[in-house]
Amino acid sequence: MAVFLLRIAFRNQPSGSDFLLTGRVYPPEPPLKAGDWLLFGQLKVSIKTVQKAAYEGVMLTIGQDAVETLRRMGIMLPSLYGTEIPIESATK
């Protein structure tokens, strides 16, 4: 199973309320794609977009609703910096 190593998260302003998560994916193959899931225990968070960048590695977009759900569960994104988050492919 691939994992996403979170480096930083921030609100995608001013264009919207989505959050950008930057980090690395291990192993890099198969490539991460929109529609895949980040797994937070039993909670699956859908990845809206994926962008690759040389310096940042991978930038993912998740929705504000997902961030609010995580917050209600007591999970704050900044507390996950440096954490490996499992990824589930949308196509199995």
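Nothing here was measured: the structure is a model prediction, and the numbers come from that model.
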Subject >> Glu29 and Pro27, any side-chain heavy atoms less than 4.5 Å apart >> reply: no
**OP:** Using the rule that two of Ile, Leu, Val, Met, Phe, Trp, Tyr join whenever any of their side-chain heavy atoms come within less than 4.5 Å, decide whether Ile87 and Leu77 are in one cluster.
**Re:** yes
**OP:** Determine the minimum heavy-atom distance between Lys52 and Pro31, stating which atoms define it.
**Re:** NZ-CB, 3.7 Å
Original post:
Do Val58 and Thr22 come within less than 4.5 Å of each other through their side chains, counting heavy atoms only?
Top reply: no
Original post:
Hey, what do you get for CG (Leu80) to CG (Leu6), rounding to the nearest 0.5 Å?
Top reply: 6.5 Å
Subject >> Exercise: identify the closest heavy-atom pair between Ala34 and Lys48 >> reply: CB-O, 3.3 Å
Original post:
Applying the 4.5 Å side-chain criterion to the ILVMFWY set and letting contacts propagate, would Val67 and Ile85 be lumped into a single cluster?
Top reply: yes
Original post:
Among Ile62, Asp18, Thr61, Leu60, which one satisfies side chain to side chain contact (heavy atoms under 4.5 Å, CB included) with Thr49?
Top reply: Thr61
Subject >> Spacing of CG belonging to Leu43 relative to CD1 belonging to Ile75, to within rounding of 0.5 Å >> reply: 7.0 Å
Subject >> Separation of Leu5 CG from Arg24 CZ (nearest 0.5 Å) >> reply: 9.0 Å
Subject >> Gln64 CD: over 12 foreign heavy atoms closer than 6.0 Å >> reply: yes
**OP:** Go through the steps to decide whether Leu38 and Glu88 satisfy the test side-chain contact (heavy atoms from CB on, under 4.5 Å), and finish with yes or no.
**Re:** CA-CA 6 Å; Leu38 295 175; Glu88 182 178 296; over 6 Å; no
**OP:** Kindly compute the distance separating CG (Asp65) from CZ (Phe19), expressed to the nearest 0.5 Å.
**Re:** 11.0 Å
**OP:** Flag yes if Leu20 and Phe40 sit in one hydrophobic cluster, no otherwise; membership is Ile, Leu, Val, Met, Phe, Trp, Tyr, and two members link when side-chain heavy atoms are under 4.5 Å apart.
**Re:** yes
Original post:
At their closest point, which heavy atom of Ser79 faces which heavy atom of Thr83, and how far apart are they?
Top reply: O-OG1, 4.3 Å
Original post:
Taking it one step at a time, do Ile8 and Tyr81 satisfy side-chain contact (heavy atoms from CB on, under 4.5 Å)?
Top reply: CA-CA 6 Å; Ile8 192 165; Tyr81 292 175; 3.8 Å; yes
Subject >> Value rounded to 0.5 Å, distance of NZ in Lys44 from CH2 in Trp37 >> reply: 6.5 Å
Original post:
Between CZ of Phe4 and CG of Asp36, what distance do you get to the nearest 0.5 Å?
Top reply: 12.5 Å
**OP:** Might you work through the side-chain contact (heavy atoms from CB on, under 4.5 Å) test for Ile47 and Leu32, ending with a clear yes or no?
**Re:** CA-CA 9 Å; Ile47 299 169; Leu32 187 63; 3.8 Å; yes
Subject >> Heavy-atom closest contact (Pro86 atom, Met1 atom, distance) >> reply: CB-SD, 3.5 Å
Subject >> 4.5 Å side-chain heavy-atom contact, Val45 and Thr69 >> reply: no
